[in-house]
2 protein chains.
Amino acid sequence: MPAELDKFDRRILAIVQRDARRSAEMIGTDIGLSASAVQRRMARLREDGVIVAEVALIDPHSVDQRLTVIADLEVERERPELLASLRQWIAAEPAIQQAWYVTGDSDYVLVVTARDVGDYDALMQRLVAANANVKRFRTRVALDTLKRSLAVPVNATPD
Amino acid sequence: MPAELDKFDRRILAIVQRDARRSAEMIGTDIGLSASAVQRRMARLREDGVIVAEVALIDPHSVDQRLTVIADLEVERERPELLASLRQWIAAEPAIQQAWYVTGDSDYVLVVTARDVGDYDALMQRLVAANANVKRFRTRVALDTLKRSLAVPVNATPD
DNA sequence: AATGAAAGTGATGGATA
DNA sequence: TATCCATCACTTTCATT
């Protein structure tokens, strides 16, 4: 399960998590491996779940999603049976991009995308109406997005 | 610049932001278009910057990044000349996946990935040492990641 | 202007040594 | 692992609507 990753695997990961369209041949010349060796490794990395998915990143503005909001949810800890349904609600809502259960006074942190404040407000009203255990939430509007990625440091030169 | 997206474009986006490896032919049969039409549209969506990138998503655990932290930074507003260097510092730091300038009492929200608490602590000490305008920060450790994506709702059936 | 079909190019994923 | 080769996917061209 904790797949052993060597130097080559890590270099492949470093490349494809920036550009998944790059051909195996180009990656191979970059890292000093043949194209088929790169392909084999990528197949194994997918198989092992190291590469979870390959996705296109869309500019939110181009699809009229101009607003990003960080929402902190505070929930009633006394009703654990409602937590599962809150989690399902979050999972099913496309406007919620990311969600963590966190330490500190507010229990969940959400990253929400919306057309405008009205759209966001409607979403949060639906969230509160559908989840009785949400005590309150705090809204922080992103005035500027400095960085937006899910890339992870892979330490490409350990060997 | 605000590219006009029709029903087909939106359906393509809905698909490729979940799976960028899907062939143009399969997408075409799904949405009722030929493979070459799909390819042409995808080329245009890339050209217009609607598709920003196509990337592989890596499981953080498989590369020993077990910790995700939401860090709220509070900075001195009085020294705008230091803000630019803070932004550069954030941009250059691979452990910081996402960063927003937000409304509310803490000015920046960061999503940070790290091996463990020691790794995270060292990062934040470097951040504070390198950026004199950072007054304080708050750390919230993600105990559970419910959702992790940059997918955006595309409203695939407006027409 | 955008489509679908067909031809040409290039990448991929096997088998083999 | 690298090389070879057949297959698949992508890109361009072109005739059509």
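Note that the structure is predicted; figures quoted are calculated from it, not measured. Note that these values count all heavy atoms, side chains included, but never hydrogens, waters or copies made by symmetry. Just so it is clear: chains get the letters A, B, ... in the order the sequence lines come, proteins before strands, and each one is counted from 1.
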Original post:
Roughly how many Å is it from CG in A:Asp19 to P in C:dA11, rounded to a whole number?
Top reply: 13 Å
Original post:
C:dA2 C1' sits how many Å from B:Met42 CE, rounded?
Top reply: 18 Å
**OP:** Applying side-chain contact (heavy atoms from CB on, under 4.5 Å), name anything that partners B:Asp144, two or more places apart in sequence or on another chain.
**Re:** A:Arg87, A:Tyr101, B:Leu146
Subject >> All side-chain contact (heavy atoms from CB on, under 4.5 Å) counterparts of B:Asp116, not counting sequence neighbours >> reply: B:Asp119
Review item, side-chain donor-acceptor pairs of residues 122-132 of chain B, under 3.5 Å, at least two apart:
from: B:Gln125; atom 1: NE2; to: B:Asp121; atom 2: OD2; distance (Å): 3.2
from: B:Arg126; atom 1: NH1; to: B:Glu93; atom 2: OE1; distance (Å): 3.4
from: B:Arg126; atom 1: NH2; to: B:Glu93; atom 2: OE1; distance (Å): 3.2
from: B:Asn131; atom 1: ND2; to: B:Leu127; atom 2: O; distance (Å): 2.9

Subject >> side chain to side chain donor-acceptor pair (under 3.5 Å) pairs, two or more places apart, involving residues 20-29 of chain A >> reply: A:Arg22-A:Asp30
**OP:** Go along nucleotides 1-17 of chain D 5' to 3' and tag each nucleotide: B for a protein heavy atom under 4.0 Å from its base, S when only backbone or sugar atoms are that close, - otherwise.
**Re:** BBB------BBBB----
Original post:
To the nearest Å, how far apart are B:Glu4 CD and C:dA2 C1'?
Top reply: 16 Å
Subject >> Set of side-chain contact (heavy atoms from CB on, under 4.5 Å) partners for B:Glu74, sequence neighbours left out >> reply: B:Asp107, B:Lys135, B:Arg136
